[in-house]
Amino acid sequence: MYYNRHTRRAFLRGAGGFMFAIPFLPSLAEKAYAQTPAKNLKRFVTFYWSGGGGAPIWFPNVPASLMTTTGTNYKAMRLTDVLTRNGRISDAFRDPRFAKYAPMLNIYRGMDIERFTGHNKLGALAGESDGDRSVDSLPQYPSIDYLISRSPAVYPTEPASRLGVLGVMDSTNNWNGPSISFSKTSSGTTSVIPPILSPIAAYDYYFKDFVPSGPAGDAALAALKARRKSVLDTVFEDYKRTMASTRLASSEKSVLSSHVEQFRELEKKIDNIKASACASVPTRPTTSLFLNTPDMVAMGYFKNQRDLLPAIDLMIEISATAMRCQMTNVVTIMLDAGNCGFNYMGIGDTHGLSHGRVSPDPTNRANAMKQTADMNNLYIGRILNFMDKIDIDDPAAAGERMLDNTLILGTNEFGSVGNHRSWSLPVFTLGGGNRVNTGWYVDYRGKRAISDNYSDREIDLANLPVEYFGRDYNSLLIGCMTAMGLTPADWEKPGVAGFGSYQFPALDKGWYVESETSPAGIITPGRRTPPPFFLKA
Amino acid sequence: MKKAILLTALLCSACSKGNLAFQDGEGSLASSGGLCVDPSSNGSPTPIRRLSKRELSNTFRDLLGTTIAQGLADALAVIPNDEKGIKFDHVSNTTNLGHVEGLFGLAESAANAIITSNPSYMAISSCLASTADTTCMSRFIMNFGYKAFRRPLTAEENGLYNSVYASLRITSKQEAAKVVIAAILQSPKFYYIVETEGTPAGGTALTLTPYEVATRLSYALTGSMPDDTLLAAAASGELDSDAGLTKQAERLIASASGRNHFKEYINQYLRLDMIPQLNYSAAFLAGQSLTNLNSQIVQEAQDYMALHMLDRPSTFAELMTSRTSIVKDAALARLYGIAVPSSPTGEATLPPERAGMLTRAAVLVSGNDAHNPFHRGQVIATDFLCAPIGRPDPDAVPDAFKTVENVADITTRAHLEGLTSGKTCQGCHQTLNNFGFALENFDALGRFRTMELKFDQSGQVVKSLPIDANTTPTIDGRQVGVSGSGDLSQMLSTSKQAQHCFTRKWMRFALAKFENTAADGCAIDAMTEKLNQKDQGARGMLTSVFKRKEFRMRVAPAN
């Protein structure tokens, strides 16, 4: 299935020229989608950035009366209808390519991290609501990109790369540590997966071992594998001899032993180097553009702010190529200008803008909103570039399009209400139409106001609309994993239902109440199941 | 202010759990007297450790040369960064797949670069082209291995690498050489500091070999492998004597890499990397320029410490109270209320209120209009007393807050004191507030002030409130009355806990392990004594660690 194919209903509504001519009925739309049997997806891509979104410029501006509430207490409207009505989806989603991509886009409102306020990088993929106090600690669960990359549903055979974590980011913006991705160690704890911050390093990560298929490639491949195995064998022998020393304590031998344990992974990787499905790959970049040099860290800036966008473009070209060439199915890209921004384009840093959006000065506030919209539009445009590059027939599924089998998650650290709030995250998905209902603005918010105990002065001050509680954001993470063919056994801990850790103890006092639970309810159901309507039946 | 309130919320909650403080390092925090309990101790255990990413980078540079090392920057970037903090980035590090895989790629890239670029100092191409390549490679392995392992290779090691080359050269000499080089660069003797070759000295203690001493000394003072001179000193027996060791230590401290490494120590000690970007309103700045100020604040902190710890024998008391600093920039000079110094070194005498390290902008600056007394209090507890307050547990947020009325009409201190006046908060905030509020005479940018200005939304000053910097902190187990930063600095300068803390930080950095006062107490006492001696001071303290018998010993961890 390909997204540009309009449903019969959308066609009728468009042809009629009256957006209200046929009332929106999600049940019908769901039925239309259900005609195509749902298939688990093959690829998962995450784009992340910080600073929130700013509700007025992020979400479509449509009256509630045009959105239909379903029996499961959410409202929805087709994004093609939003486009028809408003001429753009929103200030952030204003790229003209949404004329093509709107049917593949979902914008979710009311996806909440159950936390009062603050930075929350650990929440993006690892489902942690711990926030600032985890600046230098780890989440309790590995991130979903890692879990997806370990699944045989996604990789029936060993790929060249299970997961690439790339970043074009100001690493000094350590509000919550250096990464949104975390692996799981053999002892069950989590470990940060640091992003590759240089396009050259990213290129080498994917393509250093590139050999085209054919006899010449086969010979080169054999030589490469032989050399690496010889290195590994020699180093292994060296470690064995060192560990035999009686002068090392057992704890020290364990240190070396855990090093040696990793050789197994390396060996597997060497075994799995394959001739590429592609005849060629892009040229290796000639400059690192952005490197995390010590002097730069001390300065707190990128080496050159104007390198940011070219670096993003390179990262996108590299990762999209790796996906097209079937070298990988899971990529995470962090686009986080953090404390830097794009001053030369009139866009300040994301963190500063998040505060600016609640400035008591209406002029400052409007300016911050505009810059936030520009920043988000800039990033979303880059994601559409990625879409353009994988808008091809799926090389792994005859007769299907790659975009239909690829789920792209755009996510953020905190909510899109003005400032550092953790509800209504600016989150969206693109693609994945073979398993996900797409093309919708879905509003999961209920009617419950924020608890009086947590009266939001900043929102009041900025005169922004209050965001009501919606649904647990982790339900979306579970939805993504489910769409990729994972089951609860893949993400749950023994005896613990659901995914993610909500340690914010006030939760136990019931301060957060999901939109459809009783006032006294605790929101565990949201942690266990995908949000309604997300998945095709 | 919002940030300050948020911080209050987070910090308050820690107190609700009684999780008041955790020990920085192991052992007691003697508040008075000495720490020495066992003069016969060989020191605390020194477990095997891997090189940190920073050390690995330096070592590749010094082993392979700058040109090749620069070409490896991208391969190095893939290796995970090490966490910094009270433990420094090279202490107690774990190893995961990212390190192992990253090193594998880095070593492979290095081997390729050596074979491809054929640097003259390695002469590898002519070696491989020779008909006597096996003999020649044997020499290469011996020389390259000597530098990489920081000692001569054992016969067994020589045998391993020579046999690998011999078995693979039949297919390709170049491929064989690449395998050998890549294997050496991933050896545990390269990537880890392995000290197992010494002489038994009772229990699990070994007296280190001269090469192991050289390695310790070099990583302590330059963050890198021993240079040729130091290896030669190890080979000649020069390092066996305290005089020989001191001579080499002084040489390394004075070298460019030693100086850079010292700056790295200060960076990590005072967490200068974490100084936020400066983002102030125009009304608050009142004409103060921010141009280059971030970097100048960092540089001044480094220069101040280098001046007093390396260039002159300042005692701890002088370090904590000196008004002599290095100011090279107009914006920083204005911040300190002085003219730009005319001397080429930038040496300047700061105003009376700028006595000692606590009053440096690097300690005071918050990054935005709201100053942060709690952060300041935490810095003093962590960096100057080795008694950081534990991370908050937000269980009590926001119930622990006390309501404060009319916040627009009172000082920040009064507001924050009110908020944290509850019993739940006081467990931590009694400490934090008493240290932090002693610095109230400095605003959020570190400028001296006697009044706190309150602005309205348009940036107009609507109130001017007198500063109160009188507090009653507990120092060396005794509650004392303090009036402002000068008083506090003076108190800390004579505090045994502060002096010990200063010594312990250096010991931890130099020996790359957490100190334990039960085993290291005598060394800490002796080093602290140097710190307080007029003719020795901080410089004497720095080098005294190398003269201790513990420096020449390795005690293995208990099984």
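Only heavy atoms go into these numbers, but all of them, side chains included; no hydrogens, no water, no symmetry mates.
- Residue contact with chain A, scored on non-hydrogen atoms closer than 4.5 Å, is absent for B:Leu76.
- At a 4.5 Å heavy-atom cutoff, the contact between B:Asn112 and chain A is made by side-chain atoms alone.
- B:Ala558 and A:Ala249 make their closest contact through O-CB, 4.5 Å (heavy atoms, listed as atom of the first residue, atom of the second, distance).
- Of the inter-residue distances, the one linking A:Asp204 atom CG with B:Asp74 atom CG reads 7.0 Å to the nearest 0.5 angstrom.
- A salt bridge links B:Glu108 to A:Lys208: one of the charged nitrogens lies within less than 4.0 Å of a carboxylate oxygen.
- Here the side chain of A:Gln262 pairs no donor or acceptor atom with the backbone of B:Val100 at under 3.5 angstrom.
- When only modelled atom types and interatomic distance are considered, B:Tyr191 and A:His259 share no side-chain donor-acceptor pair under 3.5 Å.
- Under a 4.0 Å N-O distance rule, the pair A:Arg247/B:Glu195 does not qualify as a salt bridge.
- Comparing B:Pro45, B:Gly98, B:Pro47, B:Ser167 by heavy-atom pairs within less than 4.5 Å of chain A, the highest count is held by B:Pro47.
- Your options are A:Glu237, A:Met243, A:Arg241, and the one with the most heavy-atom pairs under 4.5 Å with chain B is A:Arg241.
- Residue A:Ser230 touches chain B through both its backbone and its side chain, counting heavy-atom pairs closer than 4.5 Å.
- Using a 4.5 Å cut-off between heavy atoms, A:Arg228 contacts chain B through both its backbone and its side chain.
- Between A:Val235 and B:Ala183, the shortest heavy-atom contact is CG2-CA, 3.7 Å.
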- Query: So B:Tyr192 and A:Val255, side chain to side chain contact (heavy atoms under 4.5 Å, CB included) or not? Walk me through it.
  - Reply: CA-CA 10 Å; B:Tyr192 289 83; A:Val255 169; 3.7 Å; yes

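- A:Asp238 and B:Tyr161 form a side-chain donor-acceptor contact under 3.5 Å, judged by distance and modelled atom types alone.
- The contact between B:Leu168 and chain A is made entirely by side chain atoms (from C-beta outward), counting heavy-atom distances below 4.5 Å.
- Residue contact with chain A, scored on non-hydrogen atoms closer than 4.5 Å, involves the side chain of B:Val164 exclusively.
- Note that CD of B:Glu101 is 12.0 Å distant from CZ of A:Phe263, once rounded to the nearest 0.5 Å.
- Atom-to-atom distance recorded for B:Lys189:NZ and A:Thr242:OG1 is 3.5 Å, nearest 0.5 angstrom.
- Interface remark: A:Thr234 contributes backbone and side-chain atoms alike to the contact with chain B (heavy atom separation under 4.5 Å).
- Smallest separation of non-hydrogen atoms from B:Ala556 and A:Glu252: CB-OE1, 4.3 Å.
- At a 4.5 Å heavy-atom cutoff, the contact between B:Arg554 and chain A is made by side-chain atoms alone.
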